[in-house]
Amino acid sequence: MNWEFIGKYLPMYEKAALLTVKIGVIGILFAILLGLVCAAIQYYKVPVLRWIVAVYVELSRNTPLLVQLFFIYYGFPKIGIRMSAEVCGVVGLAFLGGSYMAEAFRSGLEAVEPIQNESAISLGMNSRQVLGYVILPQAMSTSIPAFVANIIFLLKETSVFSAISLMDLMFTAKDLIGLYYKTTESLFLLVVFYLLILLPVSIVGSLVERRMRYAGFGD
């Protein structure tokens with residue numbers, strides 16, 4: 001292990017990690033928003049829109065992110081839509097993540113027993129209060145494991161951004177391996193930085209799940 005090489009190129013990995021986290025966080029936030037909208041449409045069985053959402057979910061979940069990125073980055077300019085590599089990364093991650101988040105949220109909503117909705121209405125709550133105070137807290141508690149797993153999955157999927165010339169962690173590692181043939185050192189730094197990004201997410205997710213269950217939201 002060449003520690004001098006590691007120390008020399010550590011700042012390059014730090015810069016790449018910041019870019020990876022930046023695109024990952026923005027893409028995941030849009031994915032959560034898209035997932036919530038799609039889950040609500042499916043849960044309330046909105047005519048027409050529920051079928052559009054179903055097609056979107058199947059299309060998104062059954063095509064690789066790499067293919068989606070190529071379509072956005074190289075295909076969209078053919079019809080006059082041009083985006084930077086960073087924006088393409090965000091759009092691709094949101095498109096893929098939205099379908100996974102939608103399924104996680106939908107399963108959480110459907111896990112709440114209908115009798116609870118009926119009981120809340122009989123106590124005088126309106127639809128908004130039932131959703132905010134009864135359904136959503138239990139649904140979110142049930143969805144947390146899948147929600148955290150999806151976040152980790154999407155952060156790992158950022159490794160394919162190098163295919164559209166984004167200077168992320170994977171691009172940096174492959175670049176250094178190609179230039180200096182320091183495979184062990186480059187991959188070591190790659191693994192370390194991905195662990196630094198993903199481990200806190202996993203730990204925080206586990207703590208939130210325990211806290212929610214301790215508070216009595218769901219079983």
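Fair warning: this is a prediction, and the values are worked out from it, not measured in the lab. Positions are given from 1, in the same order as the sequence printed here.
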Practice task
For the residue pair Met12 and Leu176, establish whether any side-chain heavy-atom pair is separated by less than 4.5 Å.
Solution key: yes
Completion exercise
Between Ala17 and Leu169, the two heavy atoms sitting closest are N-CD2, 3.8 Å
Handout entry: Ser107 side-chain N/O to Ala104 backbone N/O, donor-acceptor pair under 3.5 Å
Key = yes
Handout entry: Joint hydrophobic cluster, Leu198 plus Val191, side-chain heavy atoms closer than 4.5 Å
Key = no
Practice task
Side-chain contact test, heavy atoms from C-beta onward, threshold under 4.5 Å: evaluate it for Leu93 versus Phe161 and give yes or no.
Solution key: yes
Handout entry: Non-hydrogen atoms of Gly97 and Ala31 that approach each other most closely
Key = C-CB, 3.6 Å
Handout entry: Hydrophobic cluster identity match, Tyr56 and Ile72, side-chain contacts under 4.5 Å
Key = no
Exercise for the section: Any chance you could measure Ile164, atom CD1, to Met83, atom CE, to the nearest 0.5 Å? Expected result: 9.0 Å
Practice task
Kindly compute the distance separating OG1 (Thr20) from CZ (Phe171), expressed to the nearest 0.5 Å.
Solution key: 12.0 Å
Problem - Heavy-atom closest contact (Ser162 atom, Lys174 atom, distance) - result: OG-NZ, 3.3 Å
Practice task
Flag yes if Val91 and Val57 sit in one hydrophobic cluster, no otherwise; membership is Ile, Leu, Val, Met, Phe, Trp, Tyr, and two members link when side-chain heavy atoms are under 4.5 Å apart.
Solution key: no
Handout entry: Joint hydrophobic cluster, Leu29 plus Val87, side-chain heavy atoms closer than 4.5 Å
Key = no
Practice task
Measure the shortest side-chain to side-chain distance between Phe193 and Leu10 over non-hydrogen atoms and say whether it is less than 4.5 angstrom.
Solution key: yes
Practice task
If the plane angle is over 60° it's perpendicular, under 30° parallel, otherwise tilted; pick one for Phe76 and Phe71.
Solution key: perpendicular
Practice task
Please examine the side chains of Arg61 and Glu103, heavy atoms only from C-beta on, and report whether any two atoms are closer than 4.5 Å.
Solution key: yes
Practice task
Could you tell me which non-hydrogen atom of Ala16 sits nearest to which non-hydrogen atom of Thr172, and how far apart they are?
Solution key: CB-OG1, 3.3 Å
Practice task
Kindly compute the distance separating CG (Leu166) from CD1 (Ile23), expressed to the nearest 0.5 Å.
Solution key: 4.5 Å
Practice task
In sequence, state the C-alpha distance, the side-chain angles, and the governing distance for Phe30 and Phe95, and then conclude on ring pair (Phe, Tyr, Trp, His ring centres under 6.0 Å).
Solution key: CA-CA 9 Å; Phe30 279 111; Phe95 182 80; over 10 Å; no
Completion exercise
Taken in chain and number order and not counting sequence neighbours, the residues that satisfy side chain to side chain contact (heavy atoms under 4.5 Å, CB included) with Arg50 are Ile41, Lys45
Practice task
Flag the pair Ile177 / Lys182 as yes when at least one side-chain heavy-atom distance between them is below 4.5 Å, and no otherwise.
Solution key: no
Handout entry: Sub-4.5 Å side-chain heavy-atom contact between Leu18 and Lys22
Key = no
Handout entry: ring-ring contact (aromatic ring centres under 6.0 Å, His included) against Tyr43, all qualifying residues, sequence neighbours excluded
Key = none
Problem - Closest approach of Leu96 to Glu157 (non-hydrogen atoms, all atoms of both residues) - result: CD2-OE1, 4.1 Å
Exercise for the section: Compare all side-chain heavy atoms of Glu86 with those of Val90 and state whether any distance is below 4.5 angstrom. Expected result: no
Practice task
Report yes if the distance between the aromatic ring centroids of Tyr9 and Tyr180 is under 6.0 Å, otherwise no.
Solution key: yes
Handout entry: Student check: side-chain heavy atoms of Val160 and Met170 closer than 4.5 Å
Key = no
Fill in the blank from the handout: Residues at least two apart in sequence or cross-chain that pass side chain to side chain contact (heavy atoms under 4.5 Å, CB included) with Phe147, listed by chain then number, are Ile32, Met101, Phe105, Ile151
Completion exercise
NZ (Lys8) and CD1 (Ile6) are apart, to the nearest 0.5 Å, by 13.5 Å
Exercise for the section: Spell out, yes or no, whether Val67 and Leu59 are grouped together once hydrophobic residues are joined by side-chain heavy atoms under 4.5 Å, including indirect joins. Expected result: no
Problem - Main-chain N/O of Ser60 paired to Gln68 side chain as donor or acceptor, under 3.5 Å - result: yes
Practice task
Any chance you could measure Leu19, atom CG, to Asp168, atom CG, to the nearest 0.5 Å?
Solution key: 7.0 Å
Handout entry: Donor-acceptor pair, side chain of Thr158 and main chain of Gly24, under 3.5 angstrom
Key = no
Exercise for the section: Would you name the heavy atoms of Tyr13 and Ser186 that are closest together and state the gap between them? Expected result: OH-O, 2.8 Å
Completion exercise
In this structure, OG of Ser202 is separated from CG of Leu155 (nearest 0.5 Å) by 11.5 Å
